[in-house]
Amino acid sequence: MSDDEQPEPPKPGHEAPQKWTPREPGADGPGPVPTAAADTNGKGKRPKRTGWRRFVPRWRVVLGLFLLAALLLIGGFITGYTLVSIPAANAGATAQSNVFLYADGTQLASDGEINRENVQLSQVPLTVQRAVLAAEDRDFYSERAVDPKAMVRAAWNTLTGKGTQGGSTITQQYVKNYYLGQEQTVTRKVKEFFIAIKLNREETKEDILAGYLNTSYFGRNAYGIQAASQAYYSKDVEKLTTAEGAYLASLLNSPSAYDVIAHPENKPRALARWNYVLDGMVKKKWLSAPERAATTFPVPGKVKPRAGLAGQRGYLVEAVKDYLTSNKIIEENTLATGGYRITTTIQKDKQDAFVKAVDDKVNSKLSPDRKADRNVRVGGASIDPSTGKVLAMYGGIDYTKQYVNNATRHDFQVGSTFKPFVFTSAVVNESTTQDGRTITPNTVYDGTNKRYVQGWKGTPYNPANEDDTSYGQITVRTATDKSVNAVYAQMAVDVGPSKVKQTAIDLGIPADTPDMPNGPSIALGTATASVLDMTQAYATLADHGRHGTYTMVESVTKDGEKTDLPSQDTKQAVSREAADTTTSMLQSVVDGGTGTEAQASGRPAAGKTGTAEQDKAAWFAGYTPDLATVVALMGADPETAVQQPLYGALGYTRMNGGGPPAQIWAQYTKGALQGSEAKDFDLELQDGASIPVEPPPPNPSQTQTPGRDQGQTQGQDQGQGQTQGQTQGQNQGQNQGQTGGRNQGQTQGQTQGTAQGQTQGQTQGQTQGSTQGQTQGQTQGQTQGGATDGGTNTAGTDNGGTTTGTAGTTTGAADRPRGSRSP
């Protein structure tokens with residue numbers, strides 16, 4: 001082409017193809033520049049993605065995956081719907097009995113035939129039906145058979161730690177109850193999903209609701225609404241009120257948790273659930289606001305257990321069931337379907353020994369002529385400290401007469417049996433007194449009655465001692481023997497109430513135990529731990545501070561397959577020196593304090609007495625090296641269950657832990673350990689705990705008279721007479737020699753007399769008659785009293801008629817008359 005020639009312009013519709021050139025780095029512009037580069041088809045190449053765009057799938061990929069997932073879901077749904085058919089009713093719809101065995105394999109009990117009576121939906125009052133819907137599925141009539149949103153929500157709540165949540169509709173629950181089972185498996189949930197959909201298409205909502213009401217478990221071995229109506233209110237379902245129906249509907253969520261008769265401590269939870277049901281009825285306009293306001297809580301009636309669970313069998317069976325369900329070994333509804341063979345840790349010989357001890361020491365002494373005797377209740381539990389196994393349990397007079405298990409209830413104060421936890425905490429935390437002295441058994445405290453606690457920034461607190469007795473300067477060991485409130489309230493502040501509470505929890509007291517205050521009153525035993533809880537804690541002390549959760553079950557099988565049980569992981573809950581030093585002080589309580597009745601076991605023993613406020617409960621908690629046992633007498637009205645004082649019960653003016661509870665403990669322990677070799681405690685004590693307080697040298701002119709005093713000398717010498725009671729004074733002299741038996745010994749030392757006078761000199765002679773006023777100087781006479789352990793009194797010095805010194809160990813009869821007391 002010449003320079004003059006011009007290219008011929010393209011014809012319309014036949015534009016020359018553009019050429020593309022690469023874009024210059026950093027150049028601005030809307031996009032690539034046409035150049036001559038082109039693929040063989042004449043189309044440009046797609047530029048590669050850079051940066052974060054490389055990781056984002058193209059929309060075609062996303063769409064493809066979505067369509068694939070949708071196809072899979074639809075295919076899976078069609079397949080599942082086709083393959084899963086509605087089966088016949090399963091065996092669980094007519095559940096089997098569970099068999100309970102003693103540890104040796106002999107049969108303890110069988111929970112009998114299942115209590116069920118089917119009814120028509122028309123027999124169930126409409127308000128009762130609606131109460132069930134308000135509790136379980138408020139949109140039942142308008143919703144589909146399954147609720148995917150609820151299922152997703154339940155799964156999410158479970159995964160995020162908000163607890164296991166139910167996401168099933170009533171239709172799904174009915175399918176689970178009647179056609180499948182209670183097992184929590186993916187396979188069962190998938191089947192439940194498809195069967196519910198099919199069932200919803202084949203049966204009416206009314207039929208499904210009727211089936212649900214007839215197959216649901218309401219507790220008390222009642223299956224179905226009719227059986228539940230009889231079990232709780234002794235009436236047919238047609239006669240149920242709205243309030244009663246709302247309570248039965250509440251039970252569907254967790255029968256054992258909301259039975260206010262079997263578990264009185266759970267009444268607040270039951271009330272909350274009951275209110276939730278009624279409020280739901282108001283929201284759905286099934287109940288008017290005025291009717292709701294006029295509705296009161298319908299307390300259910302007493303339980304009517306089957307005769308096969310009479311005596312102690314029913315208490316043991318229910319305690320084992322509670323253990324299995326509360327430890328999530330078997331779900332409650334699953335256990336209720338039956339078929340399980342459960343071998344317990346209960347040893348028949350020890351169980352029989354416990355029953356005999358209670359019969360001998362309490363039941364045989366009850367009299368219809370004493371009004372207080374009708375209120376007497378006994379609870380007891382016994383644990384092997386080395387294994388944590390519950391070997392025996394006493395729940396009450398008879399399961400068919402009194403349903404509440406006195407060994408597991410949580411509504412009576414434990415009293416002074418809590419005091420050892422305060423001292424244990426002091427050693428664990430290396431605590432000191434207000435003036436910096438390390439707390440040991442020999443640490444001296446002020447035991448003055450109603451002394452205000454020092455160092456406490458809360459409300460001023462000055463607890464009274466038992467019988468309003470003042471002790472002056474007294475060692476911790478002696479304060480434990482005498483259960484001196486003034487000393488232990490001060491010690492709780494010295495240690496720190498929160499630390500005391502934590503030590504109690506470490507020993508085995510549940511963290512949610514009511515009435516464990518963050519203040520000095522925690523030392524007085526206001527907590528309402530159960531007998532079984534206290535047995536766990538004392539078993540930890542017996543096992544040198546090692547703790548593992550208790551167990552009531554050796555094995556569980558069903559259809560030959562074993563159920564996994566939780567491991568008994570034992571750990572050092574408190575230091576050995578803390579536990580052992582506490583044990584050494586509790587030995588002193590048995591040897592010469594308020595627990596001397598426990599000596600009848602014939603074994604080395606440690607223990608502590610306790611009395612609740614107004615004598616509403618009396619406790620003895622004790623142990624040998626190989627058996628920990630707690631016994632409590634409780635006062636409760638047999639009709640109303642209201643707690644009652646035990647004044648006058650069994651013929652005692654006052655009831656205390658050193659009386660019948662310690663007597664039961666001793667007889668049971670002796671019988672339970674019969675045939676086994678007695679063991680001594682192997683103790684490693686806290687530094688300074690075993691250092692004795694040196695007495696002054698004996699007076700050569702005073703002879704020692706061998707013998708054994710059989711009573712308690714508390715500052716009241718009666719010479720050749722007879723000890724008539726308890727003085728309010730304090731022995732601060734020197735007991736040189738052993739006090740003899742009746743009219744056989746000489747009390748040699750210095751005596752601070754009764755509350756009517758003060759020591760005014762030094763006298764040597766024989767005290768004759770009953771000392772009613774002032775004891776003057778140093779007495780030398782004959783004493784006749786109660787039982788003593790031969791404890792040592794440390795002597796003081798006499799200076800111009802004024803006696804000074806450190807109080808010695810005073811022992812005494814456990815069931816002396818008592819005056820006012822604090823908890």
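Given the structure is predicted, the values throughout are model-derived calculations rather than measurements. Side chains included, hydrogens not; waters and symmetry mates left out as well; all remaining heavy atoms used. Start at 1 with the first residue, then count along the sequence.
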Check: Would Asp359 and Ser364 satisfy side chain to side chain contact (heavy atoms under 4.5 Å, CB included), going step by step from the backbone distance to the final call?
Finding: CA-CA 6 Å; Asp359 286 344; Ser364 64; 5.7 Å; no
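- Between Glu244 and Lys235 there is a salt bridge, with a side-chain nitrogen of the basic residue lying less than 4.0 Å from a carboxylate oxygen of the acidic one.
- Using modelled atom types, one finds a donor on one side chain and an acceptor on the other under 3.5 Å when comparing Thr609 with Thr594.
- Pairing each heavy atom of Ala618 with each of Pro661, the nearest pair is O-CG, 3.6 Å.
- Taking the six-membered ring wherever Trp is involved, the centroid distance between the rings of Phe297 and Tyr247 falls below 6.0 Å.
- Counting only heavy atoms from C-beta outward, the side chains of Leu316 and Phe100 never approach each other to under 4.5 Å.
- Within the 4.5 Å cutoff, no side-chain heavy atoms of Thr596 are placed close to those of Val590.
- Of all non-hydrogen atoms in Val630 and Val531, the two that sit nearest each other are O-CG1, 3.5 Å.
- Among residues at least two apart or in separate chains, ring-ring contact (aromatic ring centres under 6.0 Å, His included) pairs with a member in residues 353-384 are Phe354-Tyr668.
- A donor-acceptor pair under 3.5 Å is absent between the side-chain atoms of Glu265 and the main chain of Arg409, judged by distance alone.
- Here the shortest heavy-atom pairing between Gly648 and Ala372 reads C-CB, 4.1 Å.
- If you take CD on Gln674 and NZ on Lys350, they are separated by 11.0 Å, rounding to the nearest 0.5 Å.
- At distances below 3.5 Å, not a single donor-acceptor pair connects side-chain atoms of Trp665 with backbone N or O atoms of Gly607.
- Gln413 places no side-chain N or O within donor-acceptor distance of the main-chain N or O of Gly415, the cut-off being under 3.5 Å.
- In plain terms, the two heavy atoms of Pro510 and Met516 that are nearest each other are O-CE, 3.8 Å.
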- Message: Checking Asp104 against Lys348 for the salt bridge (charged side-chain N to carboxylate O under 4.0 Å, His left out) test, could you report, in this order, the C-alpha distance in whole Å, the side-chain angles of both residues, the deciding distance, and whether it holds?
- Response: CA-CA 8 Å; Asp104 62 3; Lys348 191 176 187 305; over 6 Å; no
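- With salt bridges taken as basic N to acidic carboxylate O contacts below 4.0 Å, none links Lys365 and Asp360.
- Applying the side chain to side chain contact (heavy atoms under 4.5 Å, CB included) test between Leu633 and each of Val358, Asn375, Val362 identifies Val362 as the sole match.
- Formation of a donor-acceptor pair under 3.5 Å by the Asp111 side chain with backbone atoms of Asn98 is found in this model.
- Here Arg377 contributes atom CZ and Ile397 contributes atom CD1; the two are 8.5 Å apart, rounded to the nearest 0.5 Å.
- Within 6.0 Å of the CD atom in Gln107, the count of heavy atoms belonging to other residues, nucleotides or ligands exceeds 12.
- Atom CG of Leu565 and atom CD1 of Ile330 lie 8.5 Å apart (nearest 0.5 Å).
- Judged purely by atom type and a 3.5 angstrom limit, Asp373 uses its side chain to pair as donor or acceptor with the backbone of Ser367.
- With respect to the salt-bridge test (charged N to carboxylate O, under 4.0 angstrom), the residues Arg654 and Asp615 qualify.
- Under 3.5 Å, the side chains of Gln347 and Tyr102 contain no donor-acceptor pair of N or O atoms.
- Side-chain polar atoms of Ser382 and Thr629 form a donor-acceptor pair below 3.5 angstrom.
- Residues Glu597 and Gly658 come closest through the heavy atom pair CG-O, 3.1 Å.
- In this structure a side-chain-to-backbone donor-acceptor pair under 3.5 Å is present from Thr337 to Thr334.
- Partner of Ile383 under the side chain to side chain contact (heavy atoms under 4.5 Å, CB included) criterion, chosen from Thr345, Thr551, Leu532: Leu532.
- A donor-acceptor pair shorter than 3.5 Å can be found between the side chains of Gln226 and Asp236.
- Remark: Arg313 fails to qualify as a cation-pi partner of Tyr399 under the 6.0 Å distance and 45° angle criteria applied to the six-membered ring.
- Between the Arg341 side chain and the Ser555 main chain, no donor and acceptor come within less than 3.5 Å of each other.
- Using a 4.5 Å heavy-atom cutoff, the side chains of Tyr315 and Asn406 are not in contact.
- You'll find the side chain of Leu650 reaches within 4.5 Å of the side chain of Leu366, heavy atoms only.
- Between the side chain of Thr417 and the main chain of Val414, a donor-acceptor pair closer than 3.5 Å is present.
- Proximity of Gln173 to Ser216: side-chain heavy atoms (C-beta onward) are nowhere separated by under 4.5 Å.
- At a threshold of 4.5 Å between non-hydrogen side-chain atoms, the residues Thr669 and Tyr623 do not count as touching.
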Could you walk me through whether Phe218 and Leu248 pass the side chain to side chain contact (heavy atoms under 4.5 Å, CB included) check? CA-CA 7 Å; Phe218 290 81; Leu248 294 182; 4.3 Å; yes
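- Ion pairing between Glu332 and Lys321 fails under the 4.0 Å rule for side-chain N and carboxylate O.
- Ring orientation note: the planes of Tyr323 and Tyr550 are tilted relative to one another, at an angle of 30° to 60°.
- Side-chain contact check for Gln536 versus His547: some heavy-atom pair is nearer than 4.5 Å.
- The main-chain N or O of Asn656 is never found under 3.5 Å from a side-chain atom of Thr611 such that the two would form a donor-acceptor pair.
- The main-chain N or O of Leu673 is found under 3.5 Å from a side-chain atom of Arg603 such that the two form a donor-acceptor pair.
- For the pair Thr557 and Glu561, the minimum side-chain heavy-atom distance is 4.5 Å or more.
- How far CD1 of Ile342 is from CG of Leu108: 10.0 Å, rounded to the nearest 0.5 Å.
- Summarising the geometry, atom OG1 belonging to Thr344 is positioned 5.0 Å from atom CD1 belonging to Ile346; distances are rounded to the nearest 0.5 Å.
- Contact between Tyr538 and Pro420 at its shortest, heavy atoms only, is OH-CG, 3.4 Å.
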**OP:** Quick one: do Leu646 and Tyr652 satisfy side chain to side chain contact (heavy atoms under 4.5 Å, CB included)? Show the steps, please.
**Re:** CA-CA 9 Å; Leu646 290 171; Tyr652 290 90; over 6 Å; no
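- No more than 12 heavy atoms of other residues, nucleotides or ligands shown are found within 6.0 angstrom of NZ on Lys389.
- Put simply, CE on Met552 and CG on Asn327 are 11.5 Å apart, with the number rounded to the nearest 0.5 Å.
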Next on the checklist: Does Gln312 form a side chain to side chain contact (heavy atoms under 4.5 Å, CB included) with Gln351? I'd like the steps, not just the answer.
Outcome noted: CA-CA 9 Å; Gln312 297 301 306; Gln351 181 66 28; 3.7 Å; yes
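- Salt bridge Asp352/Lys356: absent, no basic N to carboxylate O contact under 4.0 Å.
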